[in-house]
Amino acid sequence: MLTGKKGLILGVANDKSIAWGVAQACHREGAELGFSYLGEALERRVRPLAESVDASLLAPLDVADDAQIDAFFDRVKQQWGTLDFVVHSIAFANKEALKAPFRMTTRDDFHLALDISAYSLIAVAQRAAPLMNAGGSIVTMSYLGSVRAVPNYNVMGVAKAALEASVRYLASDLGGDNIRVNAVSAGPIRTLAASAVGDFRHLMAKSARGAMLKRNVTQLEVGNMTAFLLSDLASGISGEVHYVDAGFHVGAGDPGENPA
Ligand code: NAD
Ligand code: 0WE
């Protein structure tokens with residue numbers, strides 16, 4: 001599906017990351033891959049993973065810093081020249097903001113969550129687009145909390161709403177250059193970011209009970225949908241949010257749950 005294509009995977013932290021499921025699917029489908037890592041500590045985790053899929057590019061990237069985004073894409077331009085796809089799988093919010101009542105969200109909490117989790121897609125797209133071949137594809141990762149008030153997701157839900165709107169505006173802006181932009185809205189998956197969330201087990205159990213398939217989804221299932229969206233098989237698809245959630249969002253919720 002991706003033979004002859006070169007693409008960047010942004011947001012692998014470890015082998016549980018959704019971005020790693022995407023990388024495995026893209027490698028299996030024949031893509032040449034490049035990876036970013038956030039800081040020295042994660043380089044030690046990401047480098048062996050990148051090597052295991054024969055990555056030809058590995059460079060640091062903190063999306064909070066425009067200079068690092070510039071340096072990252074300068075390196076992509078020097079090493080690769082052109083690019084076919086980008087996967088954005090990055091989010092961050094202050095941990096306290098995901099526990100406290102939503103009304104207690106501070107201005108700093110809001111700025112941080114929207115900067116790292118939503119603006120970063122725009123910052124990446126504006127530097128990737130000039131390097132992209134016709135038929136290029138950008139995919140980002142979202143969550144149902146963008147359109148539903150999911151308990152404790154809080155300011156991250158606001159950030160995902162901004163991310164999904166940014167997908168539509170980027171798709172409109174870049175469509176004339178034959179670059180597509182989509183989001184995948186994944187059901188809950190136990191990753192580094194998720195495991196730091198209190199009572200994630202309960203959320204996973206509820207989500208499985210409410211899902212059409214009566215189970216949760218895996219990183220690789222999200223990776224397979226993403227690989228499809230990155231491929232020419234998806235040439236007519238842009239500006240959309242695609243749910244990979246075992247059907248949870250079309251259901252009425254956990255049938256065993258007490259509504260009171
Ligand atoms: P993860 O912790 O494996 O990945 C998050 C990544 O964001 C990490 O690699 C981290 O290094 C990176 N990151 C954070 N701040 C950064 C910064 N300033 N600069 C560069 N990178 C930074 O967790 P994950 O669950 O794989 O998350 C990936 C994406 O999937 C996120 O956008 C998340 O919102 C989304 N998502 C996750 C779930 C889930 O249940 N795990 C569900 C739906 C969507
Ligand atoms: O997008 C996410 C994870 C977002 C996230 C998680 C953390 C925890 C640790 C962003 N920033 C941080 N910052 C930290 O310090 N998901 C979709 C997974 C997730 O997170 C939740 C969820 C789900 C699902 C938080 C509360 C409720 C549900």
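Just so it is clear, the structure is predicted and the values come from calculations on it, not from any experiment. Every number for a ligand or one of its atoms is a count from 1 in the order of the listing.
- In the model, Ser56 has a side-chain atom that pairs as donor or acceptor with a side-chain atom of Trp80 under 3.5 Å.
- At least one donor-acceptor pair closer than 3.5 Å links the side chain of Arg180 to the backbone N or O of Ile237.
- Between the side chain of Asn154 and the main chain of Met156, no donor-acceptor pair closer than 3.5 Å is present.
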Name each N or O atom in ligand 2 that is under 3.5 Å from a protein N or O, and give the partner atom and the distance.
residue: ligand 2; atom: 1 (O); partner: Tyr153; partner atom: OH; Å: 2.7
residue: ligand 2; atom: 11 (N); partner: Ala93; partner atom: N; Å: 2.9
residue: ligand 2; atom: 11 (N); partner: Ala93; partner atom: O; Å: 3.4
residue: ligand 2; atom: 13 (N); partner: Ala93; partner atom: O; Å: 2.8

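- Side-chain atoms of Asp84 come within 3.5 Å of backbone N or O of Lys6 as a donor-acceptor pair.
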Per-pair distances, ligand 1 N/O vs protein N/O, less than 3.5 Å:
residue: ligand 1; atom: 2 (O); partner: Ala193; partner atom: N; Å: 3.2
residue: ligand 1; atom: 3 (O); partner: Ser17; partner atom: OG; Å: 2.6
residue: ligand 1; atom: 9 (O); partner: Gly11; partner atom: O; Å: 2.8
residue: ligand 1; atom: 9 (O); partner: Ala13; partner atom: N; Å: 3.3
residue: ligand 1; atom: 18 (N); partner: Asp62; partner atom: OD1; Å: 2.8
residue: ligand 1; atom: 19 (N); partner: Val63; partner atom: N; Å: 2.9
residue: ligand 1; atom: 23 (O); partner: Thr191; partner atom: OG1; Å: 3.2
residue: ligand 1; atom: 25 (O); partner: Thr191; partner atom: OG1; Å: 2.6
residue: ligand 1; atom: 26 (O); partner: Ile18; partner atom: N; Å: 2.9
residue: ligand 1; atom: 32 (O); partner: Ile90; partner atom: O; Å: 3.4
residue: ligand 1; atom: 32 (O); partner: Lys160; partner atom: NZ; Å: 2.9
residue: ligand 1; atom: 34 (O); partner: Lys160; partner atom: NZ; Å: 2.8
residue: ligand 1; atom: 40 (O); partner: Ile189; partner atom: N; Å: 2.8
residue: ligand 1; atom: 40 (O); partner: Ile189; partner atom: O; Å: 3.3
residue: ligand 1; atom: 41 (N); partner: Ile189; partner atom: O; Å: 2.9
residue: ligand 1; atom: 41 (N); partner: Thr191; partner atom: OG1; Å: 3.3

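- Side-chain atoms of Thr106 and Asp109 include a donor-acceptor pair closer than 3.5 Å.
- Side-chain N/O atoms of His88 and Ser120 include a donor and acceptor closer than 3.5 Å.
- In the hydrophobic clustering, where aliphatic and aromatic side chains (Ile, Leu, Val, Met, Phe, Trp, Tyr) are joined below 4.5 Å either directly or transitively, Leu192 stands alone.
- Sorted by first and then second residue, the ring-ring contact (aromatic ring centres under 6.0 Å, His included) pairs with a member in residues 139-183 read Tyr143-Tyr153; sequence neighbours excluded.
- The pair Lys206-Glu257 meets the salt-bridge criterion, since a charged nitrogen lies less than 4.0 angstrom from a carboxylate oxygen.
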